[in-house]
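Throughout, a chain's letter reflects where its sequence line sits, starting with A, and its residues are numbered from 1.
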Amino acid sequence: MAAIFQGVGAAAPLSSSPSNSFDSNKSVFSPRRSFSVSKRVSFAVVRSDGKVNLNPKGRRDQRLIPNAVATNAGSAAASKQGHELLLFEALQEGLEEEMERDPRVCVMGEDVGHYGGSYKVTKGLAKRFGDLRVLDTPIAENSFTGMGIGAAMTGLRPVIEGMNMGFLLLAFNQISNNCGMLHYTSGGQFTIPVVVRGPGGVGRQLGAEHSQRLESYFQSIPGIQMVACSTPYNAKGLMKAAIRSENPVILFEHVLLYNLKERIPDEDYICNLEEAEMVRPGEHVTILTYSRMRYHVMQAAKTLVNKGYDPEVIDIRSLKPFDLYTIGNSVKKTHRVLIVEECMRTGGIGASLTAAITENFNDYLDAPIMCLSSQDVPTPYAGTLEEVTVVQPAQIVTAVEQLCQ
Amino acid sequence: MATAFSAAKFSTQPFHLNPTSTTSHDSPLVFANPTSQFLGSTRKLHLTSSSKFNLTRRSGTVVAVSDVVKQKKSKSAPTLLITKEEGLELYEDMILGRAFEDMCAQMYYRGKMFGFVHLYNGQEAVSTGFIKLLKQQDSVVSTYRDHVHALSKGVPARAVMSELFGKTTGCCRGQGGSMHMFSREHNVLGGFAFIGEGIPVATGAAFTSKYKREVLKEADCDHVTLAFFGDGTCNNGQFFECLNMAALWKLPIVFVVENNLWAIGMSHLRATSDPQIYKKGPAFGMPGIHVDGMDVLKVREVAKEAIGRARRGEGPTLVECETYRFRGHSLADPDELRDPAEKAHYAARDPITALKKYLIENSLASEAELKAIDKKIDEVVEDAVEFADESPVPARSQLLENVFADPKGFGIGPDGRYRCEDPKFTEGTAHV
């Protein structure tokens, strides 16, 4: 398994060559590189429960910007300085800070220690914290996930890494039965403050088994929370919040997003696990998305703005539970919803979200909810086919045009 | 007491039965340089293969404890294995286990408890033999046959019975049931319905113990974890994966196999290529011990060694206890497949009868004292039933209470407030 990760281009962990940092001048949409990212300002208000409150005015602060893509180099941070880093480094920073802060936080997974993690998220941590705190496990997902759960029950706070999210299918027994349920079946006696994380999603021709999206499989498990990060800012924030949370949290990262560059604040901050992120306010249509599809949506948004539409883009971030407040407010404003996701059509996050919105906000909708998901197809190896299985910006543009007729 | 599982030790033990018996063990595993770094295996293993054993385990040549006791008396060293106090403690614990399980059967047929209830009759020696050697901070992990493990560890009979009745005063507030006995106070980490599921959890608890000692620098942390599971589980991947990890990192855990020969209706011999489970320990680098699980004193001797090893940081042990369940797999099991002759054979080796005989013959206790204990336990169990009967059933408001440790996990509702703040939520009538 390890051999595969050596060759993956976009996921090559240490190459921080300028071509990998996506800023507004260099975003290119091409058939081969099927995603592109532009720097944008995110308006997320970090609900940090008494920690750094970046928005003194209240929970929601929305500034309207005429462009789809902001050219402002600042991020959501209040401080102008901050430091620039890549997404995987942001995850590492979050993890390291939490490990410093609480000696009970430990990491376990395959190749997290000496190898530094297959995507270098845990690089340097074993040297710093030792082999027991950053534990290289044998290849036994079900058992080491269970071990993490047992450790959590007895006082530690493990971060369990699946080398690729897909491998966590082998740990489904432990995640479903123990991680999600033990707090309940023990009558509240034992807490399971674990974080289960790993890269998933469709990469660059990684083949069907390494391109899985497990959010749809895990979403029914009662007792867990699921979050998906998409920018270095929210990656670090969500990692820290997940580690501090008493609930078991599954943090979904994406293989192709690890090399995104952004400037993040120097000070300590967390992102609220239950809140969605307003990426771009708008008036005509609400586009709900998460993880990598956020970038496809923003790419489509550029085109849409040029065509005269004003989409509101929300990165839902919290896949379970949904932030129905942010979503609801948006629906009440625009009356049209488009969901763009990377997981499969059948039984995916989009399906659940459609149901939730219909149940709660049916009266506010002027048109049926449209949901763009990946095809119900095992991800093919061939690049041309792989491209077609996931949602592309052109499809998003067409969908919005259809929705807004 | 001897400090190593050595062939020499066993052969002078009066418990070494006739050579064709299956009270077998592996000869010493020599760990050269027990290394202080937990990574890497620089140890050398000397294993002499114990290939003399016939594979048809149940050849009927096992000697009953009473014969052994006679043997023992005729040897020159008349040292008793237990004091009077210990003997009475063991007796009381086994009687509690037996009486409680019998009462469970009664209550089940009277419609007081439902679902799958798995009783432990006949296996009491294993639970008592091991768990009575533990401290409060040591952990126990079990399977669905967990009532007696919880009782031995110290969970009050009232709490267990209430849990079985599904009442809110149960150890898990009625939310777990027969197969999910948990107790934070007594460090009972469950209670798992799927077999093998608890073994990684036990491995994790042992990992915490090691972590506390080595990372958090709590130098005196020597908490041991016991994982109990059956013969059927020993064919499951989680068993092998955890044997590997526990031996690799020298975790303070003892894997206790309660081999009662049957996994519901599947005979162990029909399911396992090599039915001698204890042999699988050395394959992973830990001692594999086989012990007569119908004799609480033998189990206790082996347990002392195994737990001692774990406490000293020498790593895990695999102990296979040959035992038998007198009842069916669960109260719903008609138990038609097992040979009545086999059942009779093991009924004659009832661990409680054996211990009673031992205590009386060695003048450790009188009939009257034992009868008094019987009566006392009867009262405890009666009281537990009464308590459970009178306890309230969980109110609807309890439904959503323990789903999340932090109820913010239910998310933000359409009105902008966290769902857990909604009053309907605490009434249990809110929709999530």
Would you name the heavy atoms of B/Ala405 and A/His183 that are closest together and state the gap between them?
CA-NE2, 3.4 Å
Calculate, to the nearest 0.5 Å, the distance between atoms CG and CZ belonging to B/Asn402 and A/Phe190 respectively.
13.0 Å
Per-residue tally against chain B (heavy atom, under 4.5 Å) across A/Ile224, A/Asn173, A/Ile149, A/Asn360 peaks at A/Asn173
Take B/Glu241 and A/Phe144, measure what side chain to side chain contact (heavy atoms under 4.5 Å, CB included) needs, and give me the verdict at the end.
CA-CA 9 Å; B/Glu241 289 173 359; A/Phe144 72 69; over 6 Å; no
If you tally heavy-atom pairs under 4.5 Å between each of B/Ala202, B/Ser209, B/Gly177, B/Cys171 and chain A, the highest tally belongs to B/Cys171
Here the pair of heavy atoms bringing B/Phe410 nearest to A/Pro321 is O-CB, 3.5 Å
I'd like to know if the side chain of B/Tyr211 pairs up with that of A/Arg104 as donor and acceptor (distance under 3.5 Å, no hydrogens or angles considered).
no
I'd like to know if the side chain of A/Asn247 and the backbone of B/Asp406 have a donor-acceptor N/O pair within less than 3.5 Å.
yes
With a 4.5 angstrom heavy-atom cut-off, could you sort out which part of A/Ser186 is near chain B: side chain, backbone, both or neither?
both
Could you tell me whether the side chain of A/Gln174 and the main chain of B/Glu197 form a donor-acceptor pair under 3.5 Å?
yes
Counting N and O atoms only, with roles assigned by atom type, does the side chain of B/Gln238 sit under 3.5 Å from a partner on the main chain of A/Asn142, one being a donor and the other an acceptor?
no
Would a distance-only check, ignoring hydrogens and angles, find a side-chain to backbone donor-acceptor pair under 3.5 Å from A/Glu274 to B/Ile412?
no
